[in-house]
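Hydrogens, waters and symmetry mates play no part in the numbers below; they use all other heavy atoms, side chains included.
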There are 2 protein chains.
Amino acid sequence: MMNYTTLLKEYDLKVTPQRVAIVEELYMNGHMNIDDLYKKLLSKFPSISLATIYKNVNAMIEKVFLNEVKIPNAKSVYELVKEEHSHLVCSSCGKIEDIELDTSSLLKEAISSKNYTIKETSVVFTGICPDCSK
Amino acid sequence: MMNYTTLLKEYDLKVTPQRVAIVEELYMNGHMNIDDLYKKLLSKFPSISLATIYKNVNAMIEKVFLNEVKIPNAKSVYELVKEEHSHLVCSSCGKIEDIELDTSSLLKEAISSKNYTIKETSVVFTGICPDCSK
DNA sequence: CTGACTGCAAACGTTTTGCACGGTA
DNA sequence: TACCGTGCAAAACGTTTGCAGTCAG
C-alpha cells in the first residue's frame, strides 16, 4: 500500500487531488503517456485540463520525481523515478515492461572505447510480447 | 568517396539536388536534427523550405534509408541506416558519437528474463565528452 | 492569509497538408 | 509527357503561457 500524499511531500510538491491521481495512475500502470494520463484523470476530474497534466508532469520531472522515457517509434512515457532499469516495448500492442539488466559490462566497454564521463545509460528493446506472438 | 546519387536510386528515391544534399550532409556529419539540416541546406538552396526537409526525411525513413534516433533531453537526430550501433551523447556540447558495442549478452539476458521476440536494441549513453571535461 | 495550483483561452513552436509550378526519368 | 518533388502558405498538432478564480498549507 502506497501513500501518495507522503510521497509528494517528500519531493516538495504541494498535495492536490489532481497530483495524487497522477501519481496513483503512474504507480498502478508503471508507464503512461500524456494522453493516457489525461483520459484516465478525466473520469475522476471531468473538468481537468490538459494544461494541468503538462504543468504537473513538468513540475514532477523538475523535482526528479518523474522520468521521461523516449521510445523509438512511439510517444514518450513517464514513470516514477526508481532504481535504474531498462525497458521492453511491444511494437504490436504498445505495452511497456521494466526489466532489470546488468549493464555494467556494457558501460565499461563504452568507457574504455571513448573516454566520456558517462552519467546515464538508456536501454530500450523493441519486440513482440508473448501475448501478441500467440 | 561516396556516390549519393546511386545510393538514393538503390532505395527507390528519385534523385533531386535537395535529396543529394541531405544525404551528403548526413554522410559527412553522422547525425543531424531537422534544424541543423535546414540551416545547412539553406546556404546551398536559399529558397529551400522546411517542408521539403520534412517530406524528404520522412520519405527516406519510409524507405528504411534513414533512421530516427531519440535522445533523452534533446531533439531527435537522423542518420543513414547502417550496421547496428549505439550512441554516446555529450550533454554539455550536444555532440553525438557512434559506438560499436557488443550487446549480445544483454540481449540474451533480456530474452531469458521476459520471453519477447526482440527485434531492436537501442542503447544511448549520456555523459560529458573529453573536450568538455577539460 | 499568502502563495501555489487549476482550468480556460490564447499563444507558440513544430510538423503536416494542399496546391501551383517546375524538374526528373 | 507523366509523375513526382519543391516551395509557399495555411492548417493541424502538441505543448506552453497568462490570467482570474480557488485551494492547500
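- Map B:L13 and B:D35 each onto its nearest nucleotide of DNA chain C; the residue landing nearer the 5' end is B:D35.
- In this structure, A:T52 reaches the bases: a heavy-atom distance under 4.0 Å links it to at least one base atom across the strands shown.
- Separation of the B:Y116 and A:F125 ring centroids does not fall under the 6.0 Å cut-off.
- Residue A:Q18 places at least one side-chain N or O under 4.0 Å from the OP1 or OP2 atom of C:dG7.
- Distance from the side chain of B:A51 is smallest for C:dT17 among the nucleotides D:dG25, C:dC5, C:dT17.
- For B:V15, whose side chain is taken as the heavy atoms from C-beta onward, the closest listed nucleotide among C:dA25, C:dC5, D:dA24 is C:dA25.
- Using a 30° and 60° split on the angle between ring planes, B:H31 and B:H87 fall in the perpendicular class, above 60°.
- Ranking D:dG5, C:dT16, C:dG7 by closeness to the A:S49 side chain, first place goes to C:dG7.
- Between the CG atom of B:L41 and the P atom of D:dT6 there is a distance of 10 Å, rounded to whole Å.
- The line from OG of B:S76 to CG of B:N67 is 10.0 Å long, rounded to the nearest 0.5 Å.
- Proximity of B:S47 to the phosphate of D:dT6: no side-chain N or O atom is located under 4.0 Å from OP1 or OP2.
- For A:F45 and C:dT6, the CZ to P distance is 9 Å, given to the nearest whole Å.
- Checking C:dC5, D:dG5, D:dG7 against the side-chain heavy atoms of B:K55 singles out D:dG7 as nearest.
- Salt-bridge check for A:K95 with A:D131: passed, with a basic side-chain N closer than 4.0 Å to an acidic carboxylate O.
- In this structure, CD1 of B:I53 is placed 14 Å from P of C:dT14, rounded to the nearest angstrom.
- For the OP1/OP2 pair of D:dG5 and a distance below 4.0 Å, the side-chain nitrogens and oxygens of B:N56 include no atom meeting the criterion.
- The CZ-C1' distance, from B:R19 to D:dG5, rounds to 6 Å in whole Å.
- Nearer to the 5' terminus of DNA chain D, by closest-nucleotide assignment, is the contact made by B:K14 (compared with the other of B:K14 and B:I48).
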